[in-house]
Amino acid sequence: PDQTICRVDEVMLKGRHNLANVLAAACLAGVAGANVGGMRSVATSFVGVEHRLEIVRVRDGVTWINDSIATAPERTIAALLAFREPIVLLAGGRDKNLPWAECAGIMHQRARQIVLFGEAAPLIADALAQNRPATGTSATITRCAGLDEAVAIAASVSQTGDVILLAPGGTSFDAYPDFAARGRHYRALVEALP
């Protein structure tokens, strides 16, 4: 029989992709014998794990998010669609030879500012130029060398109510041994902001 676990707005994880994950987990938990109360408790309290839409800090009304695990354009799309707030997107790293056109279009729709860094910055900039919307507004794009500079730029352009989102779309291998190292560096940079 159908049972209500909780309302969508009670799920702590952001994004439709995470709602699908919660539903899948609830189905498996139900088959394994878990009760609805236990499922509700988890769904309404679990805030996720590091480097996956992780809230790093709220500073001056700006929420800094670490989604360093977003190492493909599709994952960047999921991260962008997880928020309603205006977004300053930090994207780059090393490209995995995946298509960027769809992601670039959604970047223009969802981000008001895009800060590109790393080896993939020129490639992403080209995709953004080729997929600029015909009408309406598009994102402001800035290119820089690395994550340190990207965080500094994001801090300087942020406005109250913004989400600053590290969802690179590329791997970390141009500058870091793995996505976790990149995420830890991002977290340290954000936490060090005055």
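Every value quoted in this text rests on a predicted model; they were computed, and no experiment measured them. The basis for the numbers below is simple: all heavy atoms, side chains too, and nothing from hydrogens, waters or symmetry mates. Quick note: residue numbers are just sequence positions, from 1.
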Transitive ILVMFWY side-chain link Met39 to Leu23, under 4.5 Å: no
Verify same cluster id: Leu19, Val42 (apolar side-chain graph, 4.5 Å): yes
Trp100 versus Ala127, closest heavy-atom pair with distance: CB-CB, 3.6 Å
Student check: side-chain heavy atoms of Ile65 and Ile55 closer than 4.5 Å: yes
Minimal non-hydrogen separation, Val36 against Gln3, with atom names: CG2-OE1, 2.8 Å
Residues Lys96, Phe173; criterion side-chain contact (heavy atoms from CB on, under 4.5 Å); working and verdict: CA-CA 10 Å; Lys96 292 165 51 171; Phe173 301 133; over 6 Å; no
Over all atoms of both residues, closest heavy-atom pair of Ala120 and Arg94: CB-C, 4.4 Å
Aromatic ring pairing Trp64/Tyr186, orientation class (parallel under 30°, perpendicular over 60°, tilted between): tilted
Co-membership, hydrophobic cluster, residues Val157 and Leu165, 4.5 Å side-chain: no
Pairs satisfying side chain to side chain donor-acceptor pair (under 3.5 Å), at least one member in residues 142-154, at least two apart: Gln113-Thr142
Nearest-0.5 Å distance that lies between atom NE2 in His108 and atom CD1 in Ile114: 6.0 Å
Side chain to side chain, Thr71 and Arg182, heavy atoms closer than 4.5 Å: yes
Leu90 reachable from Leu189 in the ILVMFWY side-chain graph, under 4.5 Å edges: yes
Contact check, side chains of Thr140 and Arg112, non-hydrogen atoms, under 4.5 Å: no
Contacts of Asp174 that satisfy side-chain hydrogen bond (donor to acceptor under 3.5 Å, both in side chains) - sequence neighbours left out: none
Taking every non-hydrogen atom, the tightest pair across Val11 and Cys6: CG2-SG, 3.8 Å
Of Val163, Ile141, Leu80, the residue whose pairing with Leu89 passes side chain to side chain contact (heavy atoms under 4.5 Å, CB included): Leu80
Full working for side-chain contact (heavy atoms from CB on, under 4.5 Å) between Ile164 and Val190: CA-CA 10 Å; Ile164 299 182; Val190 172; over 6 Å; no
Leu166 and Leu147, any side-chain heavy atoms less than 4.5 Å apart: yes
Shortest non-hydrogen contact between Leu98 and Glu74, atoms and distance: CD1-OE1, 4.3 Å
Smallest separation among heavy atoms of Ala43 and Ile5, with atom names: CB-CG2, 4.4 Å
Gap separating the CZ atom of Arg184 from the CD atom of Glu50, nearest 0.5 angstrom: 7.0 Å
